[in-house]
Engineer: 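Quick one: the structure is below, questions incoming.
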Protein chains: 2
Amino acid sequence: MTETRVSSATKEVVIGFGRPFVMIGERINPTGRKLLAEEMKSGDFSRVEADAIAQVEAGAHMLDVNAGIPLADEPALLARAVQLVQSVTDVPLSIDSSIIEALEAGLAVYQGKALVNSVTGEDEVLERVLPLVAKYGAAVVAISNDETGISEDPNVRFSVAEKIVHRAADHGIPSSDIVVDPLVMPIGAMGTAGQQAFALLRRLREELAVNTTCGASNVSFGLPNRHQVTGTFLSMAIASGMTSAIMNPMHAEVKSAVMAADVLMGTDRDCAAWIRANRDPNAPTGEGGRGGREGRRRRPAG
Amino acid sequence: MTETRVSSATKEVVIGFGRPFVMIGERINPTGRKLLAEEMKSGDFSRVEADAIAQVEAGAHMLDVNAGIPLADEPALLARAVQLVQSVTDVPLSIDSSIIEALEAGLAVYQGKALVNSVTGEDEVLERVLPLVAKYGAAVVAISNDETGISEDPNVRFSVAEKIVHRAADHGIPSSDIVVDPLVMPIGAMGTAGQQAFALLRRLREELAVNTTCGASNVSFGLPNRHQVTGTFLSMAIASGMTSAIMNPMHAEVKSAVMAADVLMGTDRDCAAWIRANRDPNAPTGEGGRGGREGRRRRPAG
């Protein structure tokens, strides 16, 4: 059973097969959040801290921290954000940037074993990011695109993931420290996006035995009632083997879909978390279903 | 692609791979519904008619009709219910009884090609139900238990399904007219129930190439917020290959999970049904997600 262990100074989180799904809060990201971008650029990190606390309260097991602001000093901003978030929460972080200097600045101040987000299958990126991951003993998100872009062929994306795993091994990074992101396109733009993701997630688990993640909100972009689509996508991806996602735990439909999926995968032991979260002494629980089909059927023989 | 075609006098429904999921309304079933049972027994079928109409309005593509009332004349009641439901709706029916005389009475009055619910892997049941299915040119739900009960071993349940398919062939019934029910236990009683069902559904699709169904409400029996658990189960089962279910389309959480799953499987073309059902000119659709991860990523290359 593959286990990816990440940690803060005081807390370890394990992403793994047969374990509860790991929710990585997506909110600390200025891309598309104009106000947050302006505040961070001007040195005001109060919203970063508030978003960190709120997401952990909503159930995030980890937080993604991104400081990608055009024309800003991203390495300095990311390092500052990482330090502030670590000062107000104890969950492990995913340090998120496409700028390698920013990843390094974040890693340099991080306390614990971080998740580096991300490395792609592009040779130049691999040869710059993997040594950093190895140097800091971090885990890393591997995105299955390369110099040719994001292939629409799941077999090509699988091969890219495989290439990253092999290249990481050359740097002494075990495959258990690689969390593959199969890349999920908006379903409204590409009707095969879901099926491709599910098929790829299954192969990544069964053939490559790696943990997996994705930016879940993307799948529902442009659709009405999108949180329901995102939540349903997550449960279907979990059934296909996905073990973590970068998502928003503050959306009730998204979080409850993940919690119900944990119940159905048997990773919420005795449904304890579900029962705790949904406890209401006045709620009926036995209505319906009882009589329908099972009424006339025998119990399991074993 | 396997297709199971069922029909009423005027309408055909196709259960099939790559097609929208088929929702079979579960409500017309007196088991556990004391009032309905008393009414049906005394010849009052008004609630049966109302339940039929309401479920079709809620989106049911087919209706299950069960008249299992202790000490009642089930063959007569089931025939009457089938006729009345066919007089008020045009969807195909699943004729549901464990009493073979009742199945025959229902089939004798049914207009169109029915789904017979059900046959098990018990030799005596097979040799009585399959000739009926063949005689009326019906399709049939195959439940994967046999004389030894319901095995907890998914491999045994798969073998029972395989046995039913082979035996049906001896009676001239093609496997495309068999819809296998892998039997889903309550997850609150058996933590492996979900994973077993998902694994079995995949094998039934990939190795036996048959359509599948299940009584979905059963999985959440005894849990709080059970409709969310049932809906999430359905979406995960759909990701695992399930093509129909006996369920309650009047529960919003259950129906919207199925509709979102159709979007994500690519069977709701251009998300048209989803957009129609969720249209709200004031609702935001672009918020979140856009910026997060895909902002810095390329579009598909192909």
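By convention in this document, chain letters (A, B, ...) are assigned in the order of the sequence lines, proteins followed by strands, and residues within each chain are numbered from 1.
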Engineer: Go through A:Met247, A:Arg33, A:Gln195 and name the one with the most non-hydrogen pairs under 4.5 angstrom from chain B.
Structural biologist: A:Gln195
Engineer: For the residue pair B:Asp153 / B:Ser151, report whether a side-chain donor-acceptor contact shorter than 3.5 Å exists.
Structural biologist: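 No, no side-chain donor-acceptor contact under 3.5 Å.
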Engineer: Would you mind telling me which of A:Thr232, A:Thr192, A:Asp268 has the largest number of heavy-atom pairs within less than 4.5 Å of chain B?
Structural biologist: A:Thr232
Engineer: Side chain from CB out, backbone as N, CA, C, O: work out which of these in A:Val156 comes under 4.5 Å of a heavy atom of chain B, or both, or neither.
Structural biologist: neither
Engineer: Is B:Asp262 paired with B:Arg269 through a side-chain N to carboxylate O contact shorter than 4.0 Å?
Structural biologist: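 No, B:Arg269 and B:Asp262 are not salt-bridged.
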Engineer: Under 3.5 Å, is there a donor-acceptor pair linking the side chains of B:Asp96 and B:Ser94?
Structural biologist: no
Engineer: Name the member of B:Gly194, B:Ala261, B:Gly266, B:Ala237 that forms the most heavy-atom pairs with chain A at distances under 4.5 Å.
Structural biologist: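 Ranked by heavy-atom pairs under 4.5 Å with chain A, first place is B:Ala261.
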Engineer: Using a cut-off of under 4.5 Å for heavy-atom pairs, which of B:Ser240, B:Gly231, B:Ala257 has the most such pairs with chain A?
Structural biologist: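 Ranked by heavy-atom pairs under 4.5 Å with chain A, first place is B:Ala257.
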Engineer: Could you name each residue pair satisfying salt bridge (charged side-chain N to carboxylate O under 4.0 Å, His left out) that touches residues 182-206 of chain A, not counting sequence neighbours?
Structural biologist: A:Arg203-A:Glu207
Engineer: Determine the option with the most heavy-atom pairs under 4.5 angstrom with chain B, choosing from A:Gly188, A:Gly68, A:Ala239.
Structural biologist: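 Ranked by contacts with chain B, first place is A:Ala239.
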Engineer: Do A:Asn117 and A:Asp64 have side-chain N/O donor and acceptor atoms under 3.5 Å apart?
Structural biologist: yes
Engineer: Check whether A:Phe198 gets within reach of chain B through its side chain, its backbone, both or neither, counting any heavy atom under 4.5 Å.
Structural biologist: side chain
Engineer: How far apart are the closest heavy atoms of A:Met236 and B:Ser235, and which atoms are they?
Structural biologist: CG-O, 3.2 Å
